[in-house]
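See below for the structure under consideration.
In this chain, residues are counted from 1 in sequence order.
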Amino acid sequence: GAENAISAATLAAVTHTTPRELRRLIMDERKRGALILYQPGGRGCGYFLPSLDEEQARREVSEFYNTQAARDAATVLQRLRPPGDF
């Protein structure tokens, strides 16, 4: 669960990869069906597997999905903005 999140920097160091390579590896695993979640932020952020507790796992997956959807929406809006418009 989220309480066991490991930072990207720590995972990259442990796996002897760069942060970019780590993100690629995680995306590859997700494409194969692995449910690897991410919690953004300062302390306690990082990658983790869903909790073994079904209710907590549902919350974690839902929070991950909502965070990703918000990031995607912000990216789309930013790309639709005319150049020079802040």
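- Minimum interatomic distance between Ser51 and Ala57 (heavy atoms only, all atoms of both residues): O-CB, 3.4 Å.
- The neighbour count for Arg71 CZ, taken as heavy atoms of other residues, nucleotides or ligands under 6.0 Å away, does not exceed 12.
- A distance of 9.0 Å separates CD1 of Ile36 from CZ of Phe64, quoted to the nearest 0.5 Å.
- Taking the side chain as every heavy atom from C-beta outward, Glu3 and Glu60 approach each other to under 4.5 Å.
- Other residues, nucleotides and ligands place more than 12 heavy atoms under 6.0 Å from the CD atom of Glu55.
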*Could you walk me through whether Glu63 and Arg59 pass the salt bridge (charged side-chain N to carboxylate O under 4.0 Å, His left out) check?*
CA-CA 6 Å; Glu63 288 173 15; Arg59 284 193 306 271; 5.5 Å; no
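- Under the 3.5 Å distance criterion, the side-chain polar atoms of Thr15 are matched with a main-chain donor or acceptor of Leu11.
- Placement of Leu35 and Leu22 within a single hydrophobic cluster is found when ILVMFWY residues are connected by side-chain heavy-atom separations under 4.5 Å, directly or transitively.
- Within the model, atoms CZ of Arg30 and CZ of Arg23 stand 11.5 Å from one another, a figure rounded to the nearest 0.5 Å.
- Between Phe48 and Leu37 the shortest side-chain heavy-atom distance falls below 4.5 Å.
- Annotation: the span from Ile26 atom CD1 to Glu21 atom CD amounts to 10.5 Å, rounded to 0.5 Å.
- Residue Val61 is grouped with residue Tyr38 when hydrophobic side chains (ILVMFWY) are merged at heavy-atom distances under 4.5 angstrom, including chains of intermediate members.
- Closest of all the heavy-atom pairs between Gln39 and Cys45 is O-CB, 2.8 Å.
- With rounding to the nearest 0.5 Å, the separation of CZ in Arg24 from CD in Glu29 is 10.0 Å.
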